[in-house]
Novice: 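Attaching a single structure in structure tokens format; questions to follow.
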Amino acid sequence: MNRNGYTLTSPAARWEEGMLCGNGTIGAIVMGEAASERIVLAHERLFIPFNQGIEPIAMAPRLPEIRELIAAGREAEASETIVDLYRQAHDGDDRLVWTEPFFPAAELRIGTKLADGGAEYRRSLDFENGEASVRFEDGDRAFARRVFASRTAQACVIHLDAGGKAADYELTLGEPLYTEADAEFYRSHFYAEPAFIAHPGDAGQAVVRIREFAGTGAGYATVAIVAACDGEVSFADATVSVRGAKTALILVSLVAIDDVTAFSAAHEAGRLSALPASYEQLLREHSSVHQARYSRISLRLQDDAAHADDEALWAAGRQIGGAPASFMEKIFNAGRYEILSSCGGLPPNLQGVWAGACHVPWSSDYTQNGNVQTAISGLLPSGDFESLLSYFDYQEANLAHYRENSRRLYGCRGIHIPSRTSAGGYDIHFSTAYPMLFWTAGAAWAAHFYYDYWLYTGDDDFFRTRALPFMKEAALFYEDFLIPDADGRWLFSPSYSPENTPMHRNSSATVNATMDIAVAKALFTNLIVGCRTLGLVDEPVGKWEDMLAKMPAYQVNEDGALKEWAAPQYEDNYDHRHASQLYMLYYDIPEEIRRDRALYEACETAYRLKRERKKNEQGTMAFGLVQMGMAAAHLQDAEMVEMMLQSMANNNYYATFASSHDYGPSLFNADISGGVPALILEAIAQSSPVTDARGRIERYELRLLPALPASLSSGELRGLRLRGGFSLDMSWRDGAVEAYAVHNPFDRPYRIVQSGT
């Protein structure tokens, strides 16, 4: 078997099991049918603009009333207040506003004339170069179809080969199949079907489709050319006929357009025609970028079991509690590949950069209360720093919207990042049941990745010019938003723990969600440490220290578990997919918990009870398992890490080793494609900065095998990146370190702590 890819013996029965190719901007799903191939294309910037003109409600003037209602135990009325404000602003309409949906933009169909339908069928995906291939025989012809999405050519590249024999093909560029289920999805969620205007696009020897989002002037174009062919080529409308060809090279581009009237199809076709007319050269050029990033880290796990092929391996991974080491290695590599392939100018959305159907769950948006953070969580330790820049670019592109959210919703300076965003950053998705406007942790959570990027890369200029300005805007919001309680501590009101409701309550509006407290503590701590370490004396560190000193304390409930709401009136509800109260343990273990044994044990109890009592939402919590697993890894609980990994391995992967949100697998989703590699790496090694008495980083603590699960008991790792700019190569056997080498380019002091010491 290929450790960095897979091979299967049948085409995809559903789009979720197609082969995934992507260059970060264009996503291509290769279905793999021998006689009638379908390649479904999507573009990272294409969301259907249903929400033009909808802005955040003017909640700020009603904020005192909302706080009074929550204080009086009338949380449901507080939630209804914001829905009523929307109703008043929209002529009585109180329908839920969904984020603008991601969608499949185009589909290339390749009809191949065959005699017997294709024998000796194989389809493969190579993670190292991003190439999907389909191979089969038809009589004396050995067909090979190869596809990749080129980072250098910005096009989907397709090579057709009939094994030295002549073959005929019909290539049609059209829209993905649109069903009544799709229409009903749009009508029920967006109260209308999408309207597109078709524009002509004459480009000579090319097939062109130009679509405008009605009423916007913006849209997209798909352009396909035959770049090389040794047969006869003819064009008719949206179809290209190829006759008597031994080989053919097809190039397809998908372009997002701000103004369709200014788009030149001929210019784009000319750009494609100017590219090298050699599949192998295009693949080499693309691979030089893709492979350089993919291969920065490698993990090899030892597995005594023998698996005949990838289908047998996937079946072995489905054995409850018994997914083997080789399966863990495969989903580690598959996950890294998928996240790399869906990071371009933007980070991965809920489905990475792929859409095979129009009715995409949760709009396939950027769900910023847990999902997108899980998807990108493995980028820093795997050394793919470039991909994380797409996350920062996305956040900064939406700063104007985030500032307007803060002003209109809370009357605050700084920024407020919503739970849900897509093409824009306005906070407009909420309901009485889910008052997401009350979730205020988004900007501070995003700030964590800015700070961690600095720690991992050692890029001081990045901290000064990008991280610090963003972090300060997140802090500015808290300066205006937080109010003192009766004891002089800060009160987070309104508050919201995504997307959970306390027991015996009819609203998820609360005060003092533990996540809100933990995220704010981390933000102010990181600001202080970063500025003190770099000697930035002009920054208001003293003010941030005062803010930090007044944060509420975490609380422990009658079960001995860390409370999800640090307020006595709220009872914990363990049966929920998020594990938000454990935020402080997602990325490290803060000194506050390391020093306090009772708090340490309360965190352990919280995730164990959550695991034990998970009933109603058992099948909808893949990223929640990552959250609990990360907390367990930082508390050095290898048994719980193993439980989380085994649960996802057994339930949340398709036969292509792509991940699903729900058990089955039944709902394609990219969250744990990034989260599982991050969890595996965090179980193998961790790094924490250690500060001196003045709050400056003086050294780093590197922990080897802190929470190694049983399924990872022996292996070898190369290129793991750690905070402090370190990289680590290590081998281990039967749970014990055999050898390691720490690379220390910044010559920073560090201390090694091995498991059991």
Side-chain angles (χ1 to χ4, degrees), residues 7-13 18-19 21 28-41 106-126 129-150 153 155-174 176 204-209 222-253 269 272-273 275-283 286:
T7 298
L8 303 175
T9 58
S10 60
M19 295 182 288
C21 299
I29 305 171
V30 182
M31 298 299 291
E33 286 285 353
S36 54
E37 176 66 277
R38 294 171 54 223
I39 301 175
V40 187
L41 301 173
E107 180 173 292
L108 179 67
R109 305 180 188 98
I110 304 174
T112 306
K113 291 186 177 180
L114 302 176
D116 63 11
E120 298 298 321
Y121 179 93
R122 296 288 186 276
R123 65 179 172 116
S124 303
L125 180 65
D126 189 326
N129 63 11
E131 182 188 53
S133 63
V134 178
R135 300 178 186 275
F136 56 89
E137 296 178 3
D138 181 61
D140 62 350
R141 296 181 298 180
F143 282 87
R145 186 183 307 134
R146 301 162 68 191
V147 183
F148 68 96
S150 172
C156 185
V157 182
I158 303 143
H159 189 259
L160 307 176
D161 187 337
K165 307 289 185 179
D168 297 339
Y169 306 95
E170 294 285 335
L171 284 73
T172 305
L173 191 61
Q205 297 296 294
V207 176
V208 179
R209 293 177 69 254
T222 317
V223 179
I225 70 167
V226 180
C229 180
D230 57 7
E232 296 181 3
V233 180
S234 60
F235 291 80
D237 297 326
T239 300
V240 182
S241 297
V242 177
R243 296 288 180 265
K246 296 177 182 177
T247 62
L249 175 64
I250 317 299
L251 302 180
V252 184
S253 65
L272 294 175
S273 297
L275 294 169
S278 164
Y279 180 87
E280 297 300 339
Q281 182 177 344
L282 291 169
L283 182 59
H286 161 75

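It should be emphasised that the depicted structure is a prediction, and the values quoted were computed from it without experimental measurement. Just so you know, residue 1 is the first one in the sequence shown, and it goes up from there. Keep in mind that the numbers below use all heavy atoms, side chains included, and drop hydrogens, waters and symmetry copies.
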Novice: Do you know the tightest heavy-atom contact between D116 and G139?
Specialist: OD2-N, 3.9 Å

Novice: Check ring-ring contact (aromatic ring centres under 6.0 Å, His included) between H286 and all other residues, then give those that pass, not counting sequence neighbours.
Specialist: F148, H290

Novice: Roughly how far apart are I250 CD1 and Y279 OH, rounded to 0.5 Å?
Specialist: 12.0 Å

Novice: Sequence neighbours excluded, which residues qualify as salt bridge (Lys or Arg N to Asp or Glu O under 4.0 Å) partners of D138?
Specialist: R141

Novice: Given R109, which of T172, L173, L171 fulfils the side chain to side chain contact (heavy atoms under 4.5 Å, CB included) condition?
Specialist: T172

Novice: Sequence neighbours excluded, which residues qualify as side chain to side chain donor-acceptor pair (under 3.5 Å) partners of S10?
Specialist: none

Novice: Taking all non-hydrogen atoms of both residues into account, name the closest pair between P11 and G32 and its distance.
Specialist: CB-O, 3.6 Å

Novice: Atom OG of S241 and atom OH of Y169: how far apart are they, to the nearest 0.5 Å?
Specialist: 13.5 Å

Novice: Measuring from atom CZ of R122 to atom OG1 of T7, what distance do you get when rounded to the nearest 0.5 angstrom?
Specialist: 8.0 Å

Novice: Sub-3.5 Å donor-acceptor pair from the side chain of D126 to the main-chain atoms of E131, do we have one?
Specialist: no

Novice: Quick check: does any side chain N or O of R123 sit under 3.5 Å from a backbone N or O of G18, one acting as donor and the other as acceptor?
Specialist: no

Novice: Begin with the C-alpha distance, continue with both residues' side-chain angles, and end with the deciding distance and a verdict on side chain to side chain contact (heavy atoms under 4.5 Å, CB included) for M19 and V134.
Specialist: CA-CA 10 Å; M19 295 182 288; V134 178; 3.7 Å; yes

Novice: Check C229 against A245 and note the closest heavy-atom contact, atom names and distance.
Specialist: SG-CB, 3.8 Å

Novice: Answer yes or no: are there more than 12 heavy-atom neighbours, outside Q281 itself, under 6.0 Å from its atom CD?
Specialist: yes

Novice: Side chain of D168, backbone of K113: donor and acceptor closer than 3.5 Å?
Specialist: no

Novice: Considering residues at least two apart in sequence or located in another chain, which fulfil the side chain to side chain donor-acceptor pair (under 3.5 Å) criterion with E280?
Specialist: R146

Novice: Take T239 and E170 through the side chain to side chain contact (heavy atoms under 4.5 Å, CB included) test and state the conclusion after the steps.
Specialist: CA-CA 7 Å; T239 300; E170 294 285 335; 3.3 Å; yes

Novice: Between S150 and V157, is a side chain to side chain contact (heavy atoms under 4.5 Å, CB included) present by the stated rule, with each step listed?
Specialist: CA-CA 7 Å; S150 172; V157 182; 4.1 Å; yes

Novice: Between A132 and C21, what is the shortest heavy-atom contact and its length?
Specialist: CB-SG, 3.6 Å

Novice: In Å, rounded to the nearest 0.5 Å, how long is the span from CD1 of I110 to CD of E33?
Specialist: 12.5 Å

Novice: Between F136 and L114, does a side chain to side chain contact (heavy atoms under 4.5 Å, CB included) hold up when you go through it step by step?
Specialist: CA-CA 11 Å; F136 56 89; L114 302 176; 3.8 Å; yes

Novice: Between A28 and C156, which heavy-atom pair has the shortest distance, and what is it?
Specialist: CB-SG, 4.2 Å

Novice: So how far is it from S133 OG to L125 CG, rounded to the nearest 0.5 Å?
Specialist: 8.5 Å

Novice: Please round to the nearest 0.5 Å and tell me the distance separating atom OG of S253 and atom CD1 of I225.
Specialist: 8.5 Å

Novice: Run the ring-ring contact (aromatic ring centres under 6.0 Å, His included) test against Y121 and tell me which residues pass, sequence neighbours left out.
Specialist: none

Novice: Which heavy-atom pair separates L282 from A153 by the least distance, and what is that distance?
Specialist: CD2-CB, 4.3 Å

Novice: With a cut-off of 3.5 Å and sequence neighbours excluded, list every side-chain donor-acceptor pair involving residues 158-167.
Specialist:
{"from": "D161", "atom 1": "OD1", "to": "G163", "atom 2": "N", "distance (Å)": "2.7"}

Novice: Side-chain contact test, heavy atoms from C-beta onward, threshold under 4.5 Å: evaluate it for R145 versus V30 and give yes or no.
Specialist: no

